[in-house]
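Reading through the structure tokens given below for one structure.
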Amino acid sequence: MAVPALEVLSEKRCFGGVQGFYRYESSACGGPMRFGVFRPERSGRVPALLFLAGLTCTEETFAIKAGAQRVAAELGLALVTPDTSPRETGIEGATGDWEFGEGAGFWLDATQAPYAGRFGMESVVVRELPMLLDAHFGIDVARLGISGHSMGGHGALTLALRHPQRFRSLSAFAPIVAPMQVPWGQKAFPRYLGNDETAWRGHDATALMADGHGFDGPILIDQGADDAFLAEQLRPELFQAACDAANQPLLLRQHAGYDHSYWFIQSFIEDHLRHHARVLSP
Ligand SMILES: N[C@@H](CCC(=O)N[C@@H](CS)C(=O)NCC(=O)O)C(=O)O
């Protein structure tokens, strides 16, 4: 498959490297998709951490709010931030609800009309972005890690468990770990995947772990104990139990006083960058 052409939206010098935003024609999403890349100043190919953002976020949110570039520059780690869905799809029902549709692509390839063919975020992350990173950014796509926040934490966990050969390191902030069991997933999955719950299991980190899809390496999860979504939507204890049963190494840290925001992410991002760098550039 041909590598898509790249349109540069902006590029700015940052900690000796470049923070850029880009657009390309996505075949998985049947239209334009945007993403950000922080490329540290290093000679030769560099490893990259893909960071998947949460509901209502864009390719800019992590780049602007997480404060990750200084340490990524020090570690020689690129940062890649895809948008959370295609935009201006014109699909009825895909706008106007912050929990579903545009801004809420749930990091899967929709199989149901009218979303199939437009909401192909899994293919964006595992197929299209690696091609672009390899061809246009000097990134070593044999050394990719993945992380994310909330809906993006769900994406990081499920995509790493579904594609263990693609991602070598894994972490998450306040992830949705069991979408089949919580309102956010129960709203999105029937619309994107249909009513057959067996199709949902392949996109639920807790179910994947229970079904034998482990990760070859330790998983790091940070969770704010004062996160307003913790008890109803996130429920990390469900994933912890599945990991314990599967003998999957998981470090789940609960932090008193922290909520769901990027103030929380900003406080612990350095630990995640070092967790990934230990595997990606030892
Ligand atoms: N819009 C929602 C909140 C959505 C939300 O908290 N989104 C999280 C991801 S699930 C986020 O990171 N928002 C962007 C930000 O905090 O800058 C509300 O009003 O309750």
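Just follow the structure's listing: the first ligand is 1, and inside any ligand the first atom is 1.
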Q | Carboxylate-amine/guanidinium proximity below 4.0 Å for Arg274 and Glu74 | A | yes
Q | Check ion pair Lys187-Glu99 (N to O, under 4.0 angstrom) | A | yes
Could you check [atom] against the protein and tell me its nearest heavy-atom contact, residue, atom and distance included?
atom	result
atom 5 (C) of ligand 1	Leu55 O, 4.1 Å
atom 15 (C) of ligand 1	Lys65 NZ, 3.5 Å
atom 14 (C) of ligand 1	Cys57 SG, 3.4 Å
atom 3 (C) of ligand 1	Trp98 CZ3, 3.9 Å

Q) Which ligand 1 atoms does Ser150 reach within 4.0 Å, using its non-hydrogen atoms? A) 10 (S)
Q: Mark up the atoms of ligand 1 that fall under 4.0 Å of a heavy atom belonging to Gly54, in ascending order.
A: 9 (C)
Q. Can you find a protein heavy atom closer to atom 19 (O) of ligand 1 than 4.0 Å?
A. no
Q: Could you tell me whether ligand 1 has any atom less than 4.0 Å away from a heavy atom of Met151?
A: no
Q: May I ask you to check if Arg191 and Phe100 form a cation-pi contact, with NZ or CZ under 6.0 angstrom from the six-membered ring centre and within 45° of the axis?
A: yes
Q: Using modelled atom types only, decide if a donor and an acceptor are shared between the side chain of Arg13 and the backbone of Gly16 within a distance under 3.5 Å.
A: yes
Q. How many angstroms lie between CG in Leu252 and CD1 in Ile219, if you round to the nearest 0.5 Å?
A. 10.5 Å
**Q.** Sub-4.5 Å side-chain heavy-atom contact between Leu6 and Phe137
**A.** yes
